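One structure is given below, encoded as structure tokens.
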Amino acid sequence: DVPGFIKIIYPYNPMVGVVDGFRWCLFGNDFPQACPLDWKHIGISCAITVFMLIIGTWYFRRVEKNFADII
């Protein structure tokens, strides 16, 4: 059984939606170990991904001028 803490932080991994969707696509709901597709986890993963994209783009735009000099 999975500890409660892991169940809480699990959907915040952006790859959860991809892995769960792929697993559901391959096995569907008929496979004994398969879980039904959890749209809540996919939505959270998408939201975290979009948030990280916005923050990453903002940060890159901010340091873009000196980026080539640092590397």
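Every value quoted in this text rests on a predicted model; they were computed, and no experiment measured them.
When the salt bridge (Lys or Arg N to Asp or Glu O under 4.0 Å) test is applied to Arg61, the partners found at least two apart in sequence or on another chain are Glu64. Residues forming a side-chain contact (heavy atoms from CB on, under 4.5 Å) with Trp58 (at least two apart in sequence, or on another chain): Arg62.
Phe51 belongs to a hydrophobic cluster whose other members, connected by ILVMFWY side-chain contacts under 4.5 Å either directly or through intermediates, are Tyr12, Ile44, Ile48, Met52, Ile55.
Taking a 6.0 Å sphere around CZ of Phe60, one finds it holds more than 12 heavy atoms contributed by other residues, nucleotides or ligands.
Pro14 approaches Ser45 most closely through the heavy-atom pair O-CB, 3.7 Å.
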